[in-house]
There are 2 protein chains.
Amino acid sequence: MNDRSEASARPAPTRSRAQIISVSHGLFLMQGFHGTTMRQIAKHAGVALGSLYNHFTDKDDLFSAVFEAYNPYPTLLLALENSRGKDTEELVRTAARRMVNVLAARPDLVKLVFIDVVEFQGEHLRKAYPAVAPGLQDFARRLRKESGNLQPFSDDALLRAFFGLFYAFNMNEMLLGAPVDSDGQTAVLQELIEIYLNGILA
Amino acid sequence: MNDRSEASARPAPTRSRAQIISVSHGLFLMQGFHGTTMRQIAKHAGVALGSLYNHFTDKDDLFSAVFEAYNPYPTLLLALENSRGKDTEELVRTAARRMVNVLAARPDLVKLVFIDVVEFQGEHLRKAYPAVAPGLQDFARRLRKESGNLQPFSDDALLRAFFGLFYAFNMNEMLLGAPVDSDGQTAVLQELIEIYLNGILA
DNA sequence: CCTACCGATCGGTAGG
DNA sequence: CCTACCGATCGGTAGG
């Protein structure tokens, strides 16, 4: 956290540090946090075990760095912020498509959330949430503004039902780990989006 | 699965075995699988470390027994099967209320799912799924039969959107671990159910 | 004096 | 069902 206090401004060894974080991320996804050893990380990163402790005070500190580097919130929020539409319906369709694309391209985002919940009781997620809450409220505001035929639901319900789409959509892959056929999947997603739109529009 | 084949009919020490499973379950929920040691389990269960291996061949086998004892699928399926309603709308409301009640009373069900996904790549869930799949199809069939004004969605979409409700509903608690105020929660659930019903009914 | 990193090993604990 | 203990490996740190 608080590095050198004054003088001596050396940019820190970012090369192998980045490599360690990247390798740790991959191993944590496959084996979980406690199932991954510092020796495995050192070996895969091509550095000595002792070197890990030059970059991170301990294993927990390393996980914090991994979580910061692969924090799912900013990525998902960006997908929402980049979504446009001439009305609520188009905005929802665009945003849903972007969310699915991101989650399909980056299954690691959800897995990291699960790891934090299982092995850290969600403490990193909790700490990261305040930074994205305003962006979520902003998306809810846009859902309302883009159209006038929205049913009188709360922001909370609109957002949760929207995110529920992706939990529902990714459920099979997450829980069953199956490589479901993508054509059938896309069709199901279309249906889920229709159910949501039917649900929130008058 | 297949216990003693013949002769030697010893009923197995079910007393402490049950105690070990119960204690393990609690510790796994708090610390995850790899974060929990066999010595912790022995100590909390009031048995010697070596005794654990009299009941279970290894730590993985103990987890399998825990998963079998606390398998979330049958419990959730039972909540659906016990739900009745004179039409689709009433069936959905009843089933949603039951699901929420079960998940609120048993947060361990979801946590165990997460543990399996993070630390076993979902293998126990995968193995348990075929046994519940027929029951899920049955619920989808009932959703259709109880009413005629259902939109032409696939069983898959109907079921996923329904379960998405509870992912969406439990999101905050799971991800933020927060004890959200239950009055506001109930109100949000009402809204989520309305969105679903609006979505699937003509 | 700093950084990045080494070979070797610390005190304890893992599953068995 | 317990005591005692194993080969190995754990997370973390020593001096250089």
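Here is how names work: the chains are called A, B, and so on, in the same order as the sequence lines, proteins then strands, and each is numbered from 1. Values in this document were obtained by computation on a predicted structure and should not be read as measured data.
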Quick one: is [N] close enough that its OP1 or OP2 comes under 4.0 Å of any side-chain N or O from [X]?
| X | N | answer |
| --- | --- | --- |
| Tyr53(A) | dT13(D) | no |
| His55(A) | dT3(C) | no |
| His34(B) | dC10(D) | no |

- Would a distance-only check, ignoring hydrogens and angles, find a side-chain to backbone donor-acceptor pair under 3.5 Å from Arg39(A) to Thr36(A)? no
- Pairwise P distance for dG12(C) and dA8(D), with rounding to whole Å: 22 Å
- When rounded to the nearest Å, what value does the distance between P atoms of dG16(C) and dA4(D) take? 22 Å
- Taking only Lys NZ, Arg NE, NH1 and NH2, and the carboxylate oxygens of Asp or Glu, determine whether Arg141(B) and Asp138(B) approach each other closer than 4.0 Å. yes
- Message: At 4.0 Å (heavy atoms only), tell me whether Thr36(A) reaches a base, stays on the sugar-phosphate, or touches nothing.
- Response: sugar-phosphate
- Message: Does Leu52(A) reach a base, just sugar-phosphate, or nothing at all? Heavy atoms under 4.0 Å.
- Response: nothing
Heavy atoms only: give me the nearest [X]-[Y] pair and the separation to one decimal.
| X | Y | result |
| --- | --- | --- |
| Glu89(B) | Arg93(B) | OE2-NH2, 2.6 Å |
| Ala65(B) | Arg17(B) | CB-NH2, 3.9 Å |
| Ser83(B) | Leu91(B) | O-CD1, 3.6 Å |

In whole Å, I'd like the distance from the [atom1] atom of [X] to the [atom2] atom of [N].
| X | N | atom1 | atom2 | answer |
| --- | --- | --- | --- | --- |
| Leu62(A) | dG11(D) | CG | P | 11 Å |
| Leu27(A) | dG11(D) | CG | P | 12 Å |
| Met38(B) | dC10(D) | CE | P | 18 Å |
| Phe56(B) | dC1(D) | CZ | P | 11 Å |
| Arg17(A) | dC5(C) | CZ | P | 13 Å |
| Gln40(B) | dG12(C) | CD | P | 17 Å |

- Query: Which distance, rounded to the nearest 0.5 Å, do you find between the CG of Leu109(B) and the OH of Tyr70(B)?
  - Reply: 10.5 Å
Can you figure out which of [options] approaches the side chain of [X] most closely?
| X | options | value |
| --- | --- | --- |
| Thr37(B) | dG11(D), dG15(C), dC2(D) | dG15(C) |
| Asn54(A) | dC2(D), dC5(C), dG12(D) | dC5(C) |
| Asp58(A) | dG12(D), dC1(D), dG16(C) | dG12(D) |

- Identify, between Lys59(B) and Gly46(A), the residue whose nearest nucleotide on DNA chain C lies closer to the 5' end. Gly46(A)
- Which residue, Val47(A) or Arg39(B), contacts DNA chain C at a nucleotide closer to its 5' end, judged by nearest heavy atom? Val47(A)
- Given Watson-Crick and G-U pairs under 3.5 Å, DNA chain C in dot-bracket ([ ] crossing, | other strand) is .....|.|.|....||
- Ring centers of Phe67(A), Phe120(A) separated by less than 6.0 Å: no
- Task: Using a cut-off of 6.0 Å, state whether more than 12 heavy atoms not belonging to Glu90(A) lie near its atom CD.
- Result: yes
